[in-house]
**Q** 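Shown below is the structure under consideration.
Start at 1 and go down the list; that is how both ligands and their atoms are numbered.
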Amino acid sequence: MRRSIITGNWKMNSTVAETVNLINGLLKAGAADSKGEVVVCPPFTSLESAGKLLKDSSIGLGSQDMSEYKSGAYTAEISAEMLLTLGVTHTILGHSERRQYHFETDDRVNRAAKVALEAGLTPIICVGETLDQRDSGDTEKTVGSQIEGTLAGFTADLLLRTVVAYEPVWAIGTGKTATPEMAEDVHRFIREKIAAIDKEAADQVPILYGGSVKPSNAGELLSQPNIDGALVGGASLKVDDFIGIINAL
Ligand code: PEP
């Protein structure tokens, strides 16, 4: 049985006070009682407060990025060790907004993921094609190369501690969702690509879908055989919507 995971990516939303409210709302609404894993990823500035509130709960805490370096002269970077001291358990890497606005490459994601794993953090590695790439029939070429690049040099042991998120760029924050069949096709393809590294580990790697997931479409997406959870942006900022998605598990 693969793990099921619902992760909320809050992006650049929520002050410390808003984080406290949202997490208290989620705890009150029973987010910690989910059958699957639940992880919330507030901005860096809210991680300390979030970590204190989630300390005794089963809800994981993720950062939205982290440095590929361990320490040193890297102004504004945040290291794995710093995150660990705040109770962080997961880190999103290679989100399409980081790739688009901060020119992150597969190589950089690969290095950061290895540093995260060495520190004991679970990387959530994001891949996905743009609309142009899909329209030109290049979805598999794009996603395949992202998987090869971000997972280069991974052993079975590292794969077993890694989460992959398929997020078609054209579906993020647009209200357009891939149909369950479209998403499943790419998820199956991703699992086959991972199987080329290690077949047994590939069967265990959770592959999350992200892109305008909401309570009304979560059930159908999550019922696909290779969709093991969701990476949720906008809908993770509203307690009722996020709980609706968690309950769809
Ligand atoms: C995301 O940012 O990872 C995401 C999937 O956003 P949204 O759910 O808002 O499309």
**Q** Can you name the atoms of ligand 1, numbered from 1 with element, that are less than 4.0 Å from a heavy atom of Ser212?
**A** 7 (P), 8 (O), 10 (O)
**Q** Got more than 12 heavy atoms from elsewhere within 6.0 Å of CD, Glu48?
**A** no
**Q** Walk me through whether Lys70 and Glu118 qualify under salt bridge (charged side-chain N to carboxylate O under 4.0 Å, His left out).
**A** CA-CA 10 Å; Lys70 289 189 183 166; Glu118 195 185 333; 3.0 Å; yes
**Q** Where do Ser14 and Thr19 land on the side chain to side chain donor-acceptor pair (under 3.5 Å) test, with the steps shown first?
**A** CA-CA 6 Å; Ser14 77; Thr19 297; 3.1 Å; yes
**Q** Hey, mind stepping through Glu148 and Ser145 against side chain to side chain donor-acceptor pair (under 3.5 Å) and telling me if it holds?
**A** CA-CA 5 Å; Glu148 277 172 22; Ser145 136; over 6 Å; no
**Q** For Lys214, state whether at least one heavy atom is located under 4.0 Å from any atom of ligand 1.
**A** no
**Q** With Ile6 as reference, evaluate Leu208, Val40, Val39, Leu222 under the side chain to side chain contact (heavy atoms under 4.5 Å, CB included) test and give the passing residue.
**A** Leu222
**Q** Taking both backbone and side-chain atoms of His95, is any N or O found less than 3.5 Å from an N or O belonging to ligand 1?
**A** yes
**Q** Would you check the N or O atoms of Ile172, main chain and side chain alike, for any that come under 3.5 Å of an N or O of ligand 1?
**A** no
**Q** His187 vs Tyr166 aromatic rings, parallel, tilted or perpendicular, using cut-offs 30° and 60°?
**A** perpendicular
**Q** At what distance is the nearest protein heavy atom to atom 5 (C) of ligand 1, and which residue and atom is it?
**A** Glu167 OE2, 3.1 Å
**Q** Which heavy atom of the protein is the closest neighbour of atom 4 (C) of ligand 1, given with residue, atom name and distance?
**A** Gly233 N, 3.6 Å
**Q** Using a 4.0 Å heavy-atom cut-off, say whether Asn9 meets ligand 1 through its side chain, its backbone, both or neither.
**A** side chain
**Q** Please say which of Arg134, Lys141, Arg99 ends up in a salt bridge (charged side-chain N to carboxylate O under 4.0 Å, His left out) with Glu129.
**A** Arg134
**Q** Suppose I only count heavy atoms of Leu231 and a 4.0 Å limit; which atoms of ligand 1 are within that range?
**A** 3 (O), 5 (C)
**Q** Need the ligand 1 atom indices (1-based, order shown) with element for anything under 4.0 Å from a heavy-atom of Gly234.
**A** 7 (P), 8 (O), 9 (O)
**Q** Considering the heavy atoms of Ala171, write down every atom of ligand 1 situated less than 4.0 Å from one of them.
**A** 10 (O)
**Q** Just distances here: any N/O of Glu97 and N/O of ligand 1 closer than 3.5 Å?
**A** no
**Q** Can Arg111 and Asp106 be counted as an ion pair, charged N to O under 4.0 angstrom?
**A** no
**Q** Show me which atoms of ligand 1 lie under 4.0 Å from any heavy atom of Gly211.
**A** 5 (C), 10 (O)
**Q** Which of the listed options, Ser236, Pro168, Ala230, Gly173, holds the heavy atom that is closest to atom 10 (O) of ligand 1?
**A** Gly173
**Q** Can you find a side-chain donor-acceptor pair between His95 and Glu167 that sits under 3.5 Å?
**A** yes
